[in-house]
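Down below is the structure, laid out as structure tokens.
Each ligand, and each atom within it, is numbered from 1 in the order the structure gives. Here the structure is a predicted model, which is why all the values come from computation and not from measurement.
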Amino acid sequence: MSTVTADSFKTGFLPTWCPGCGDFGIWMSLKEALAKLGIGPDDGLLVYGIGCHGNMYDWMNIYGCAGLHGRALPLAQGAKLANHTLPVIVVSGDGDCLGEGGNHFLHAAKRNPDLTVIIHDNQVYGLTTGQASPTAKPGFKTKSTPEGVVDEPINPLTLAIISGATFVARGFAGDIPGLTQLTMQAISHKGFSVLDVLQPCVTFDKVHTYGWYRQRLYTLEKEGYVPNHKIQAIEKAMEWGDRIPIGILYKEEKPTSEDREPALAGGPLVKAFIGGEQREELLKEFI
Ligand code: SF4
């Protein structure tokens, strides 16, 4: 049996992200995390949304599926229902996941499927050249908000916690070792795990740079924070300014939607035997 390494996920293509983009750090952390967990190219599924993050599809040698804008989570839940033994990871952006896919995000969190969603959170729609996204902060000037954003942002962490996600964490694309650890913990968690990654967009955001984040970020674990209390987790999730926490904010064990689904009690649907007559009946439904 060959050993899985980060290089196992190499394809014949090189990333076309802008040099210095935070997506590189997320990509490298994800490859490292998968390798360290022993999940090889044939052992898992990555479901991508639309956005700069979604271009990762071309440079990850693992089973992949690209959704329509905002629809990665429904696809991932369908795949998980078909084979609930398969590790399924959603790679999404703040616009894709919380804008176009916001409703899916709430309902996935409430159902607690055993999925991981990694949000590339850069506060802009980078692929369409820099419009404000749902997480853009008030005053942030973008192409679509030349005088600055006037709305309050969506907070992915508080939204995930109050909607029922059972693992909620924030990472930083500029800290690959730390992000690798968080990614491993998110993937290993049994239930809906949300990892919001602060991802500098070096082309369309000259405010939230690597330096800007490094001056403000602190690690919850180092301060003795225990991620088992929802109200405290919400308070931590709302910290933004001179100090911004990274790490696991909230974690709990709860039955997943697959645990609660009676149709899966006999094993993965993908392995269920469908006999000749049943198959004919099913096929008739599509004729
Ligand atoms: Fe990265 Fe921004 Fe360039 Fe997209 S536009 S690849 S998010 S730096």
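Classification of Arg243 and Glu223 as a salt-bridged pair holds, one side-chain N sitting under 4.0 Å from a carboxylate O. Remark: Arg214 does not engage Asp175 in a salt bridge, criterion side-chain N to carboxylate O under 4.0 Å.
Distances from ligand 1 to the non-hydrogen atoms of Gln199 include at least one value under 4.0 Å.
Using a 3.5 Å distance cut-off with no hydrogens or angles, the side chains of Thr135 and Asp121 do pair a donor with an acceptor. At a cut-off of 3.5 Å, with distance as the only test, a side-chain donor of Asp23 or His120 sits close to an acceptor on the other residue.
Near-neighbour remark for atom 2 (Fe) of ligand 1: protein N, O or S atoms under 2.8 Å are Cys201 SG; waters not counted.
A tilted orientation is assigned to the rings of Phe167 and His189, their planes being inclined by 30° to 60°.
Partner of Ile26 under the side-chain contact (heavy atoms from CB on, under 4.5 Å) criterion, out of Leu195, Ile118, Ile176, Val91: Ile118 alone.
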